[in-house]
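Each chain gets a letter, A, B and so on, in the order the sequences are listed, and its residues count up from 1.
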There are 2 protein chains.
Amino acid sequence: MKTTRNTTAKTAVLEVFEKSKTALSHTEIQKQLNGICDRVTIYRILDRLMNDDIIHKISNLDGTVKYAKCNHSHQRVHIHNHAHFSCENCHEITCLENVKPSYIMPHNYKVKEINFTLSGLCPNCLNSNI
Amino acid sequence: MKTTRNTTAKTAVLEVFEKSKTALSHTEIQKQLNGICDRVTIYRILDRLMNDDIIHKISNLDGTVKYAKCNHSHQRVHIHNHAHFSCENCHEITCLENVKPSYIMPHNYKVKEINFTLSGLCPNCLNSNI
DNA sequence: AAAATATCGCAACAATGTTGCGATTAAATA
DNA sequence: TATTTAATCGCAACATTGTTGCGATATTTT
Ligand SMILES: [Zn+2]
Ligand SMILES: [Zn+2]
Ligand SMILES: [Zn+2]
Ligand SMILES: [Zn+2]
């Protein structure tokens with residue numbers, strides 16, 4: 001069966017995601033939780049949330065890993081084929097739900113998942129004349 | 001000035017890249033070098049090779065980082081906008097030099113770099129009826 | 001050959017993620 | 001509601017990956 005339970009820690013993590021407009025790293029989540037639970041617990045909660053397709057993982061060019069809530073709007077099959085933007089100035093990572101790359105693959109590859117991350121300057125930082 | 005020197009360790013690392021058809025992680029390089037130099041030295045060599053645009057870095061969905069030789073064929077401006085394929089079975093990562101995504105960005109973003117990684121089954125593993 | 005400096009080895013550290021296990025707690029059942 | 005049971009937690013310990021400082025070494029220039 002493997003029923004997943006609603007614990008206080010899990011609820012708290014979900015609230016953090018709810019409040020945030022950008023993707024969050026494990027460390028950022030831990031800071032916001034303010035010692036409500038152990039850091040190992042956060043790792044395990046993130047694993048469960050990913051398994052349940054409630055959040056998805058984003059690994060960035062510089063090696064940092066972040067997580068963001070899934071947008072379940074109108075897809076039957078749950079797949080993350082949208083792009084992510086990583087700002088080199090403020091280091092925020094946001095989902096670009098509407099940006100989906102088109103591409104042509106060579107034969108004999110079976111593509112199951114894609115990871116499309118763009119980096120540069122986000123609108124905020126672009127306007128702040130960096 | 002910062003002239004870069006040709007040392008035995010650097011030459012050995014380059015030979016490892018030359019022999020390999022797929023991208024390599026720091027650990028994989030270290031194993032092939034067989035104790036020829038310290039692991040810190042390998043990190044520093046990789047940094048230099050990246051600076052000199054001889055290799056490029058690929059960060060994978062699962063957080064692993066690999067490096068591959070650059071293909072300097074016929075571009076004036078040196079940019080890595082090609083895709084990479086990561087096999088979920090054999091974990092090999094290969095450059096797909098000819099696969100370049102097309103996409104439409106929202107306004108107000110300044111894109112400087114892209115990271116397009118596809119994962120699934122590579123031709124080898126696909127034929128081995130996994 | 002001597003001087004200048006890029007590179008190296010080593011030790012020490014930091015960040016991130018994983019595992020095992022006994023204690024705790026949510027949820028199902030009686 | 002009280003009991004059961006299994007998912008979750010906390011803690012300690014460990015693994016991996018990457019970084020930094022510094023004195024020693026090796027390469028390049030003069
Ligand atoms: Zn920004
Ligand atoms: Zn996303
Ligand atoms: Zn494969
Ligand atoms: Zn490549």
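- Counting to the nearest Å, the P atom of C:dT18 and the CE atom of A:Met50 are 10 Å from each other.
- Nucleotide D:dT8 holds its P atom 13 Å from the CG atom of A:Leu14, rounded to whole Å.
- Environment of NZ in A:Lys110: sparse, with no more than 12 heavy atoms of neighbouring residues, nucleotides or ligands closer than 6.0 Å.
- Atom OH in A:Tyr43 sits about 19 Å away from atom P in D:dC14, given to the nearest Å.
- Checked for salt-bridge contact, A:Lys21 and A:Glu92 miss the test: no charged N lies under 4.0 Å from a carboxylate O.
- When heavy atoms are screened at a 4.0 angstrom cut-off, B:Val65 is found touching the sugar-phosphate backbone but no base atom.
- Taking atom CD1 of B:Ile29 as the reference point, atom C1' of D:dT16 lies 16 Å away to the nearest angstrom.
- Distance, A:Ile36 CD1 to D:dG10 P: 10 Å, rounded to whole Å.
- Rounding to whole angstrom units, CG of residue A:Leu49 and C1' of D:dA7 are separated by 14 Å.
- Contact annotation for A:Arg48: backbone-only contact, meaning every heavy-atom pair under 4.0 Å involves sugar-phosphate atoms and none involves a base.
- Note on B:Thr8: nothing from the nucleic acid sits closer than 4.0 angstrom, heavy atoms only.
- A close approach under 4.0 Å does occur between a side-chain nitrogen or oxygen of B:Thr27 and OP1 or OP2 of D:dT17.
- Put simply, CG on B:Asp47 is 14 Å from C1' on C:dC8, counting in whole angstrom units.
- In terms of position on DNA chain D, the residue among B:Asn6 and A:Ile45 whose nearest nucleotide sits closer to the 5' end is A:Ile45.
- Remark: the B:Arg44 side chain and the C:dG9 base include a donor-acceptor N/O pair separated by less than 3.5 Å.
- B:Lys69 NZ: 12 or fewer foreign heavy atoms inside a 6.0 Å radius.
- By the criterion of side-chain heavy atoms lying less than 4.5 angstrom apart, applied directly or through intervening Ile, Leu, Val, Met, Phe, Trp or Tyr residues, A:Leu49 is grouped together with A:Tyr67 in one hydrophobic cluster.
- Looking at which nucleotide of DNA chain D each of B:Gly63 and B:Arg5 is closest to, the 5′-most match is held by B:Gly63.
- Between B:Thr7 and B:Arg39, the residue anchored closer to the 5' end of DNA chain C is B:Thr7, taking for each the nucleotide with the nearest heavy atom.
- Between the CG atom of A:Asp38 and the P atom of C:dC21 there is a distance of 18 Å, rounded to whole Å.
- Judged by distance alone, the side chain of A:His84 and the main-chain N or O of A:Asn60 form no donor-acceptor pair under 3.5 Å.
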